[in-house]
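Presented below is the structure to which this report refers.
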Amino acid sequence: MTYAWLDLPAAKIDEAARVMLGWRLTANGVVVRITEVEAYSGLGADPASHAHRGRTPRNAVMFGPAGFLYVYQIYGMYQCMNIVCGEQGVAAAVLLRAGEVVEGVETARGRRPGARNDRDLGAGPGKLTRALGISKADYGTSVVDGTGPLTITPPVGEVGPVEAGPRVGVTSAHDVAWRFWVKDDPTVSSYRRHAPRRQK
DNA sequence: TATTAGATGGTT
DNA sequence: ACCATCTAATAG
């Protein structure tokens with residue numbers, strides 16, 4: 001199998017993210033079609049990257065070869081997942097932000113009891129990670145060689161039009177449109193805190 | 001539908 | 001003291 005995004009250099013991390021839309025993630029009995037992603041370059045020009053300040057125990061996997069999983073905990077209670085991209089030694093990665101559950105809906109519902117409907121099962125990075133049953137225990141596993149719980153496979157059919165915009169939740173680098181999503185897809189996360197909130 | 005605050009813990 | 005977030009509660 002060829003992975004269009006796997007061999008792209010970190011300098012093209014935005015393209016890697018864009019072409020990852022429509023791919024399918026299989027993990028722990030659930031299959032998800034990716035509908036929203038964000039690129040993080042790690043080239044030093046991206047202050048929003050977790051690797052911007054250099055290598056630490058948390059971000060170490062991002063400095064390795066492409067195709068591995070970077071999982072981190074956020075706000076104390078949620079986890080988000082990235083797929084490492086770019087050449088070895090450069091910490092580029094793509095954050096998986098949302099997807100549509102296409103198989104294993106019952107299993108996903110069981111993991112996401114708070115979901116209001118099936119569109120909401122994976123409509124956000126924390127939600128998606130939870131629906132797939134991925135946790136920090138899966139940090140550093142491969143998504144391309146079948147040895148880990150997460151496997152990624154090419155799109156089925158047409159992906160459809162793609163839109164781009166600023167990344168969500170980052171307080172810097174609002175100038176780059178490195179968030180990509182499938183146009184008009186109902187499973188794209190509705191979270192839109194682009195502008196800083198007013199102070200009390 | 002839109003907006004807001006609270007939860008909660010690793011990382012720097 | 002931050003956060004690549006989510007949910008429940010509130011107001012309209």
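- Within the 4.0 Å cut-off from OP1 or OP2 of C:dA4, at least one side-chain nitrogen or oxygen of A:H50 is found.
- For the side chain to side chain contact (heavy atoms under 4.5 Å, CB included) test, residues two or more places apart in sequence or in another chain that qualify with A:A115 are A:R112, A:D120, A:L121.
- Using a 4.0 Å cut-off, no side-chain N or O of A:R116 falls inside it from OP1 or OP2 of B:dT1.
- Contact annotation: A:S49 side-chain N/O to C:dA4 OP1/OP2 distance is not under 4.0 Å.
- When side chains are defined from C-beta on, A:W181 does not count as touching A:T187, because their heavy atoms never get closer than 4.5 Å.
- Here B:dT4 presents its P atom at 16 Å from OH of A:Y75, a figure rounded to the nearest Å.
- If you take NZ of A:K127 and P of C:dA4, they are 18 Å apart, rounded to a whole angstrom.
- Look at OH on A:Y78: it is 16 Å from P on B:dG10, rounded to the nearest Å.
- In this structure, A:E38 atom CD and C:dT5 atom C1' are separated by 12 Å, rounded to whole Å.
- Spacing between atom CG of A:L128 and atom C1' of C:dC6 amounts to 14 Å, rounded to whole angstrom units.
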* To do: State the dot-bracket string of DNA chain C. Criteria: Watson-Crick or G-U wobble, both atom distances under 3.5 angstrom; notation: ( ) intrastrand, [ ] crossing earlier pairs, | interstrand, . unpaired.
  => |||.|||||||.

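- A:Y70 places its OH atom 9 Å from the P atom of B:dT11, with the value rounded to the nearest Å.
- At a threshold of 4.0 Å, the pair A:D185-A:R119 does not count as salt-bridged, since none of the basic side-chain nitrogens sits closer than that to a carboxylate oxygen.
- Put simply, A:K136 has no side-chain N or O that comes within less than 4.0 Å of OP1 or OP2 on B:dG10.
- Put simply, OH on A:Y139 is 13 Å from C1' on B:dG10, counting in whole angstrom units.
- Backbone-only engagement by A:G126 is indicated by non-hydrogen atom pairs under 4.0 Å involving sugar-phosphate atoms exclusively.
- Candidate nucleotides C:dC6, B:dA7, C:dA4 were compared by shortest atom distance to the side chain of A:N82, and C:dA4 ranks first.
- Here A:Q73 lies in heavy-atom contact (under 4.0 Å) with sugar-phosphate atoms only.
- Between A:L25 and A:I34 the shortest side-chain heavy-atom distance falls below 4.5 Å.
- Proximity note for A:I74 (side chain, C-beta onward) versus B:dT12, C:dT7, C:dT5: the nearest is C:dT5.
- One can place CZ of A:R58 at 8 Å from P of C:dA4, the figure rounded to the nearest angstrom.
- With B:dT8, C:dT5, B:dT12 as the candidates, the nucleotide lying closest to the side chain of A:V168 is C:dT5.
- Side chain of A:T56, nearest nucleotide from C:dT7, C:dC3, B:dT12: B:dT12.
- Checking side-chain atoms of A:E38 against main-chain N and O of A:V168 turns up a donor-acceptor pair under 3.5 Å.
- Salt bridge present: A:K183 and A:E163 bring a charged side-chain N and a carboxylate O closer than 4.0 Å.
- Within the structure, every side-chain polar atom (N or O) of A:R130 is placed at least 4.0 Å from both OP1 and OP2 of C:dT5.
- Within the model, atoms NE2 of A:H50 and OG1 of A:T56 stand 9.5 Å from one another, a figure rounded to the nearest 0.5 Å.
- Of the candidate nucleotides C:dT7, C:dC6, C:dC3, C:dC6 has the atom nearest to the side chain of A:P125.
- The base of C:dA4 is paired with the side chain of A:Y72 by a donor and an acceptor separated by under 3.5 Å.
- Between A:V170 and A:W178, every side-chain heavy-atom pair lies at or beyond the 4.5 Å cut-off.
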